[in-house]
S.K.: 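So that we are looking at the same thing, I have put the structure below in structure tokens.
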Amino acid sequence: CNTNNRPKMGQSAYSKFETALVEAGTPLHQHFVAFSNPGAQCFANSVLQALFNCPEFRRRLVMLRQERIEEEQASMSKGASTSRSHKSSKPEPTLLRELEELFNSIETDKNRAVICEPKAFMRTLRKKNVLYDDKREHQDAHEMLIYLLNEIADELGKPLLTTASAASTSTSTNTSSEKPIGRKELFTSKIGPTLVHSVFQGITRTETKCEKCQTITGKNETFFDIPLDVIHGDEENKAASEATTPPPTADDAITPSPEVELEATAASAAPDTSLPPITLNDCIRSFGVTESLTGGNQFMCDTCKSLQDATRQTRITALPSVLILSLKRLKYIERLGKYVKIMRSVSFPLNLEVTLANPQFGKTSDGASTSSSSSTTTTNADTSSSSSSSSPSPPPPPTAASSSSVKKEYELFAVVIHSGVRATVGHYYTAAKIAQPDKWLLFNDNHVTCINTDWLSHYFGGSGRLKPCAYLLFYGPPLPAPPQ
């Protein structure tokens with residue numbers, strides 16, 4: 001990083017960083033970064049860390065910077081006869097430009113262990129969005145991630161389209177009682193072959209069937225992440241009871257040191273019993289469950305010209321290169337009138353296999369389209385399970401990732417973790433996979449620790465004084481085996 005961004009600190013942080021890299025067996029040519037935190041910046045540090053550890057995104061972003069510089073130099077050469085003031089004018093900082101410069105400075109630093117504060121990026125983020133201007137306010141890492149991806153795509157000049165995350169709160173027939181955590185109208189996606197879309201964009205298909213006339217109406221929507229519920233139905237009452245149990249303490253507002261975090265996590269062995277443990281596969285299965293639109297939530301059928309009982313289902317029809325799964329742990333409980341953190345244990349696999357059947361379309365007697373089903377299988381060293389669902393689904397657009405694929409394999413490479421017992425206070429940090437088998441690096445702001453793969457089970461949730469829970473899961477193409 002630029003030396004102006006380096007924090008003033010002793011050599012111990014760098015020494016511990018280097019020790020962690022050696023212990024993890026990281027390649028000597030590979031660069032790693034730890035972001036220092038001047039205060040209430042862990043939400044951004046954790047997201048930046050996860051994105052930097054996404055090889056495809058990082059490499060292409062640095063390439064995009066080089067292309068931009070070459071274009072600017074060519075433009076300056078052509079405009080050599082223009083006024084001196086025009087030549088010396090600097091472009092307005094953008095999040096895309098600042099992220100390019102930040103990642104490039106890390107990749108080209110003389111040290112492979114880089115500790116820096118992303119000052120220019122944070123300054124631009126707060127200037128672009130006043131929601132992040134209060135340095136004392138606890139922010140949501142998921143909101144920031146989606147905002148950043150959409151802002152970058154917007155800077156690349158693409159039209160708007162609603163994301164899957166925003167769609168659940170924007171439709172008039174929404175059946176969820178959940179209120180948006182933040183300003184979802186800001187977090188809209190775009191469709192087009194940009195860097196962001198080619199890496200993170202997938203497509204869902206939502207279809208609604210009128211129970212009276214049997215007409216099926218559908219809509220394709222793009223997404224940058226898939227939000228997954230961790231509680232369902234009457235489980236909200238249990239979650240509300242659990243949320244009222246732990247009183248706020250001074251520890252809630254403290255950013256734990258790596259040593260305190262690891263010791264507190266390791267000391268927590270007994271899971272909470274109010275909500276039984278579930279798996280990521282359970283969450284994925286619930287994402288595609290068929291819901292009934294009845295009573296006060298009936299569907300306005302264009303064919304019947306009136307409100308009717310209906311069924312609705314949303315399915316993934318095209319998968320991205322990098323799949324981001326967000327666990328909806330921060331939930332608004334109506335009867336409490338506030339957001340709470342869902343502590344439930346959700347185990348997640350190291351390897352994820354998603355199969356989308358090739359679409360086969362026809363017409364039923366009532367005019368509805370039909371297609372084959374899709375299935376999702378998750379596996380890790382200890383457990384494996386599978387689920388499948390079936391519903392009408394159109395073919396995804398030809399530009400969508402894996403529109404013709406039958407099976408896509410993913411490997412977990414980053415986990416953004418939220419530590420704390422409340423939704424409005426806590427601390428974020430990131431675990432990232434390296435090429436060495438069974439080794440991960442834990443990036444707690446500017447503190448880096450080497451952990452074994454099995455340590456990730458401590459972030460399933462459901463136990464511990466600090467309640468560390470996986471919040472964002474990043475799955476990408478399987479990493480190549482390290483050289484022998």
Side-chain angles (χ1 to χ4, degrees), residues 1-55 57-59 62 99 101-122 141 254-266 412-417 419 427-456 458-459 466 468 474 479 482:
C1 286
N2 188 295
T3 54
N4 293 328
N5 289 338
R6 292 191 186 279
K8 296 179 179 179
M9 62 177 63
Q11 189 64 28
S12 60
Y14 288 99
S15 298
K16 291 180 179 179
F17 196 171
E18 284 284 1
T19 299
L21 296 183
V22 172
E23 183 180 351
T26 57
L28 294 176
H29 66 276
Q30 187 174 351
H31 286 76
F32 297 88
V33 63
F35 296 109
S36 60
N37 184 358
Q41 194 172 295
C42 59
F43 74 99
N45 288 354
S46 61
V47 168
L48 291 175
Q49 190 64 250
L51 292 178
F52 184 79
N53 280 279
C54 177
F57 180 72
R58 181 183 70 246
R59 287 195 296 265
V62 173
L99 197 61
E101 295 298 333
L102 177 63
F103 282 11
N104 181 74
S105 66
I106 298 167
E107 290 276 75
T108 57
D109 196 278
K110 63 180 181 180
N111 300 311
R112 69 166 184 157
V114 181
I115 298 180
C116 67
E117 180 186 342
K119 289 183 179 180
F121 175 86
M122 293 303 300
I254 297 175
T255 299
S257 68
E259 292 78 11
V260 171
E261 185 79 37
L262 294 176
E263 289 176 3
T265 302
L412 186 69
F413 69 84
V415 182
V416 172
I417 301 152
S419 176
H427 179 59
Y428 291 103
Y429 51 98
T430 301
K433 180 179 174 58
I434 61 173
Q436 192 71 18
D438 302 324
K439 294 292 184 181
W440 284 60
L441 290 173
L442 192 64
F443 296 91
N444 190 338
D445 289 328
N446 60 347
H447 299 279
V448 183
T449 309
C450 176
I451 60 174
N452 294 324
T453 299
D454 56 11
W455 187 264
L456 295 176
H458 289 88
Y459 304 123
L466 296 172
F474 292 75
L479 295 174

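Heavy-atom basis, side chains included; hydrogens, waters and symmetry copies ignored.
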S.K.: List the atom of Tyr428, the atom of Phe43, and the distance in Å for their closest heavy-atom pair.
M.R.: CD1-CA, 3.7 Å

S.K.: Has His31 got a side-chain atom pairing as donor or acceptor with Val114's backbone, closer than 3.5 angstrom?
M.R.: no

S.K.: Measuring from Lys433:NZ to Asp438:CG, what's the distance to the nearest 0.5 Å?
M.R.: 7.0 Å

S.K.: Any idea which heavy atoms bring Ala432 and Trp440 closest together, and the distance?
M.R.: C-CE3, 3.2 Å

S.K.: Between Cys116 and Val33, what is the shortest heavy-atom contact and its length?
M.R.: SG-CG2, 4.0 Å

S.K.: Rounded to the nearest 0.5 Å, what's the gap from CZ on Phe35 to OG on Ser46? Could you check?
M.R.: 10.5 Å

S.K.: So Phe474 and Val416, do their side chains get closer than 4.5 Å, heavy atoms only?
M.R.: yes

S.K.: For Ala431, does its backbone N or O pair with a side-chain atom of Gln49 as donor and acceptor, under 3.5 Å?
M.R.: no

S.K.: Hey, mind stepping through Ile417 and Leu442 against side chain to side chain contact (heavy atoms under 4.5 Å, CB included) and telling me if it holds?
M.R.: CA-CA 10 Å; Ile417 301 152; Leu442 192 64; 4.2 Å; yes

S.K.: Between Ala20 and Leu441, which heavy-atom pair has the shortest distance, and what is it?
M.R.: O-CD2, 3.9 Å

S.K.: For a quick test of reading the model, state the closest non-hydrogen atom pair linking Phe103 to Leu48 and the distance between them.
M.R.: CZ-O, 3.9 Å

S.K.: Testing the basics here: between Phe443 and Val448, what is the closest heavy-atom pair and its distance to 0.1 Å?
M.R.: CD2-CG2, 3.7 Å

S.K.: Quick one: does Lys439's side chain get under 4.5 Å of Thr453's, heavy atoms only?
M.R.: no

S.K.: When rounded to the nearest 0.5 angstrom, what distance separates OH in Tyr14 from CD1 in Ile115?
M.R.: 5.0 Å

S.K.: Give a yes or no on whether the backbone of Ser36 and the side-chain of Asn45 come within a donor-acceptor separation of less than 3.5 Å.
M.R.: yes

S.K.: Just wondering, do Cys54 and Phe413 contact through their side chains at under 4.5 Å, heavy atoms?
M.R.: yes

S.K.: Any side-chain heavy atom of Pro38 sitting closer than 4.5 Å to one from Lys119?
M.R.: no

S.K.: Rounded at 0.5 Å granularity, tell me how far CG in Asn53 sits from OG1 in Thr430.
M.R.: 8.0 Å

S.K.: Are the side chain of Asp109 and the backbone N or O of Asn111 linked by a donor-acceptor pair below 3.5 Å?
M.R.: yes

S.K.: Apply side chain to side chain contact (heavy atoms under 4.5 Å, CB included) to residues Asn37 and Tyr429 and explain how you reach the verdict.
M.R.: CA-CA 11 Å; Asn37 184 358; Tyr429 51 98; over 6 Å; no

S.K.: As an exercise, state the distance from CD1 of Ile106 to CZ of Arg58, rounded to the nearest 0.5 Å.
M.R.: 9.5 Å

S.K.: Drop me the distance from Phe32's CZ to Leu21's CG, to the nearest 0.5 angstrom.
M.R.: 6.0 Å

S.K.: Test side chain to side chain contact (heavy atoms under 4.5 Å, CB included) on Thr26 and Arg112; report intermediate values, then the result.
M.R.: CA-CA 10 Å; Thr26 57; Arg112 69 166 184 157; 2.9 Å; yes

S.K.: Would the distance check show the side chain of His458 and the main-chain N or O of Trp455 forming a donor-acceptor pair, the cut-off being under 3.5 Å?
M.R.: yes

S.K.: Between Glu107 and Arg59, is there a salt bridge with N-O shorter than 4.0 Å?
M.R.: no

